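Below, chains carry the letters A, B, ... as their sequence lines are ordered, and counting in each starts from 1. Since the structure is predicted, the reported quantities are computational estimates derived from the model, not experimental observations. The figures that follow rest on heavy atoms only: side chains count, while hydrogens, waters and symmetry mates do not.
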There are 2 protein chains.
Amino acid sequence: MDLYSNKDKFYVAVDCIIFGFDNEKLKLLVFNRKIDPFIGSLSLIGSFVKIGESVSDASIRILKEFTGLENVYMKELKTYSSVDRDPGYRCISVAQYALIYVNDTINKLVEEKGAKWYEIDNVPELILDHNEMTIDALKRIEQIARYKPIGFELLPKKFTLPKLQKLYEAIYRRKLDPRNFRKKILSFDIIIKLEEKDRTGSKKGAFLYKFDHTKYKKLQKSGFDFEI
Amino acid sequence: MDLYSNKDKFYVAVDCIIFGFDNEKLKLLVFNRKIDPFIGSLSLIGSFVKIGESVSDASIRILKEFTGLENVYMKELKTYSSVDRDPGYRCISVAQYALIYVNDTINKLVEEKGAKWYEIDNVPELILDHNEMTIDALKRIEQIARYKPIGFELLPKKFTLPKLQKLYEAIYRRKLDPRNFRKKILSFDIIIKLEEKDRTGSKKGAFLYKFDHTKYKKLQKSGFDFEI
DNA sequence: TCAAAAGTGTTAGTTCTACACCCATGG
DNA sequence: CCATGGGTGTAGAACTAACACTTTTGA
């Protein structure tokens with residue numbers, strides 16, 4: 001007699017809530033489904049976990065399959081498991097969220113695969129509980145951004161302070177004072193000023209900075225408080 | 001041709017990391033397994049999700065089956081899904097954590113079922129990845145306590161400020177200044193002082209308070225910051 | 001009457017907020 | 001030479017942290 005033999009089994013899916021920061025706006029990556037079920041409808045990027053992979057492996061694989069994106073910082077949001085969440089099948093989904101800094105390369109990849117960015121205040125109706133997932137993920141990102149320098153890790157390797165500020169403004173959905181923002185950020189002592197300037201944003205140009213992972217890890221261990 | 005027919009299915013388990021606050025200490029509820037696999041070993045309270053219930057329904061049912069406890073505030077921690085996490089079977093587990101205020105009734109229930117409390121700094125070796133889950137849950141509780149009045153919600157309906165302080169001290173693992181703690185807590189304006197005193201803690205007795213759920217909900221909506 | 005816990009006020013230091021102006025540059 | 005965004009200093013308000021004493025009462 002095997003303990004497991006009479007236990008139920010489930011399809012396990014992963015759905016990825018991918019936020020992109022593009023043109024000073026926060027956007028959601030939405031996929032136009034080319035397969036059944038729900039062919040033609042809009043949905044998050046998602047698929048089934050395979051028996052030989054972990055949920056997070058699956059989310060990496062699925063994101064790559066659907067968008068070509070790799071090395072994306074993705075975190076588990078939570079599981080969605082209502083009995084009737086998918087009317088077709090009993091399936092639980094482990095939602096994952098990510099925030100990426102959109103550039104031309106990424107946009108090209110995404111377009112090729114038929115995915116599309118929607119501004120966060122203008123997300124269309126998605127299948128199943130995907131709108132709910134999106135709302136939950138937004139809340140989570142706002143929350144996380146309060147105690148982790150989520151912004152830094154997600155910007156390109158080199159970034160300017162005005163860009164970083166725009167990112168936080170997009171996440172918090174409010175304007176921040178540039179003097180205070182700058183002071184605050186620099187006080188954490190986890191970014192390093194470079195010699196170079198980025199002149200795409202203005203004539204004067206803004207100095208580029210890079211994230212200091214070593215210092216950040218040290219700070220993290222001593223349990224510091226990150227609050228913009 | 002059915003999209004789902006060639007997809008893999010998984011056993012889905014729930015493991016409950018139940019922290020108890022008892023005698024001014026934070027403790028973990030551990031179960032002495034009476035069934036295979038791992039009979040005789042120590043583990044968290046956990047079992048399999050059934051096809052007709054959601055993960056959170058399962059966690060409520062499982063907690064009750066194993067401990068008799070009901071109406072416990074339980075939250076999802078995260079999923080554990082490494083391919084080799086359970087050497088016997090491919091099974092993913094959705095860990096849930098809770099923090100409860102232990103009293104005699106609870107202790108009796110728990111003892112009857114053969115479960116046992118261990119002080120948090122003295123947790124024995126548990127099966128599988130249960131020690132990892134415990135560590136992750138502890139971190140989560142510390143984190144959550146920073147921005148939610150987790151303490152209030154988990155104390156009995158009526159509680160004293162010294163007791164609340166002890167709870168926060170247990171969670172943060174450090175002493176707090178009673179003057180400052182009191183000021184801070186009262187400044188949130190989400191607890192109501194009662195006429196009664198609790199004299200179990202001292203001769204003088206400490207005034208009882210109750211949590212003001214209505215005010216708290218309002219505050220929450222306006223996105224307030226809770227920080228002890 | 002005294003031990004033990006409950007309860008209170010103040011001050012110095014820190015951090016936050018709000019605000020206005022100069023800088024560097026390409027067009 | 002000027003429009004545009006980048007960059008800085010400061011003062012008042014709010015908050016935090018650190019501290020010592022009084023109150024109540026049962027044993």
Side-chain angles (χ1 to χ4, degrees), chain A residues 21 23-25 145-147 149 151 155-156 158-170 172 174-210 219 222-228, chain B residues 23-25 145-147 149 151 155-156 158-170 172-210 219 222-228:
Chain A
F21 181 61
N23 197 18
E24 309 190 355
K25 296 234 167 82
R146 277 174 211 285
Y147 67 90
L155 284 173
K158 300 171 182 181
F159 54 88
T160 67
L161 288 185
K163 286 269 165 58
L164 183 62
Q165 182 177 339
K166 287 275 167 25
L167 174 54
Y168 274 93
E169 287 179 342
Y172 292 155
R174 66 184 171 96
K175 286 272 168 221
L176 300 169
D177 180 304
R179 290 169 282 248
N180 297 338
F181 180 79
R182 188 171 279 267
K183 261 180 282 181
K184 190 75 184 172
I185 293 294
L186 293 174
S187 78
F188 297 135
D189 193 30
I190 48 172
I191 57 173
I192 299 165
K193 190 176 185 173
L194 305 173
E195 294 298 311
E196 296 171 78
K197 277 191 164 189
D198 168 15
R199 294 189 192 278
T200 60
S202 74
K203 291 152 188 172
K204 182 176 176 181
F207 278 104
L208 287 160
Y209 287 79
K210 64 177 183 182
L219 265 181
S222 62
F224 86 122
D225 233 352
F226 181 91
E227 177 88 54
I228 299 296
Chain B
N23 197 17
E24 310 188 355
K25 297 234 166 80
R146 277 175 211 285
Y147 67 90
L155 284 173
K158 300 171 182 184
F159 54 87
T160 67
L161 288 185
K163 286 269 167 57
L164 183 62
Q165 183 178 338
K166 288 272 163 31
L167 173 55
Y168 273 94
E169 287 178 344
Y172 292 155
R173 287 125 170 282
R174 66 186 170 95
K175 286 272 169 221
L176 300 170
D177 180 304
R179 292 170 282 248
N180 297 337
F181 180 78
R182 191 172 278 267
K183 261 180 285 181
K184 190 75 182 172
I185 293 293
L186 292 175
S187 78
F188 297 136
D189 194 30
I190 48 171
I191 57 173
I192 299 165
K193 190 178 185 172
L194 304 174
E195 294 298 310
E196 297 170 79
K197 277 190 164 188
D198 169 15
R199 294 191 191 277
T200 60
S202 74
K203 292 153 187 171
K204 183 177 177 182
F207 277 105
L208 286 160
Y209 288 78
K210 66 176 183 182
L219 266 180
S222 61
F224 86 122
D225 232 351
F226 182 90
E227 178 89 52
I228 298 295

Rounded off to whole Å, could you give me the [atom1]-to-[atom2] distance for the [X] and [N] pair?
{"X": "A:F188", "N": "C:dT15", "atom1": "CZ", "atom2": "P", "answer": "11 Å"}
{"X": "A:K184", "N": "C:dA18", "atom1": "NZ", "atom2": "C1'", "answer": "16 Å"}
{"X": "A:L161", "N": "D:dG5", "atom1": "CG", "atom2": "P", "answer": "17 Å"}
{"X": "A:D198", "N": "C:dG26", "atom1": "CG", "atom2": "P", "answer": "13 Å"}
{"X": "B:I185", "N": "C:dT8", "atom1": "CD1", "atom2": "P", "answer": "14 Å"}
{"X": "B:L176", "N": "D:dA17", "atom1": "CG", "atom2": "C1'", "answer": "12 Å"}
{"X": "A:F181", "N": "C:dC16", "atom1": "CZ", "atom2": "C1'", "answer": "15 Å"}
{"X": "B:F207", "N": "C:dG7", "atom1": "CZ", "atom2": "C1'", "answer": "10 Å"}

Residues that B:K197 engages under salt bridge (charged side-chain N to carboxylate O under 4.0 Å, His left out), provided they are two or more places apart: none
Where the side chain of B:R182 meets the backbone of B:L161, is there a donor-acceptor pair that is under 3.5 Å apart? no
Where protein sits on nucleotides 18-27 of chain D, one letter per nucleotide: B base, S sugar-phosphate only, - none, heavy atoms under 4.0 Å: BBB--BBBB-
Charged N-O contact under 4.0 Å between A:D198 and A:K163: yes
Under 4.0 Å between a side-chain nitrogen and a carboxylate oxygen: does that hold for B:E196 and B:K158? yes
By ring-ring contact (aromatic ring centres under 6.0 Å, His included), which residues pair with A:F21, not counting sequence neighbours? A:Y101
Kindly give the heavy-atom pair with the smallest separation between B:E195 and B:F207, and that separation in Å. O-CE2, 3.4 Å
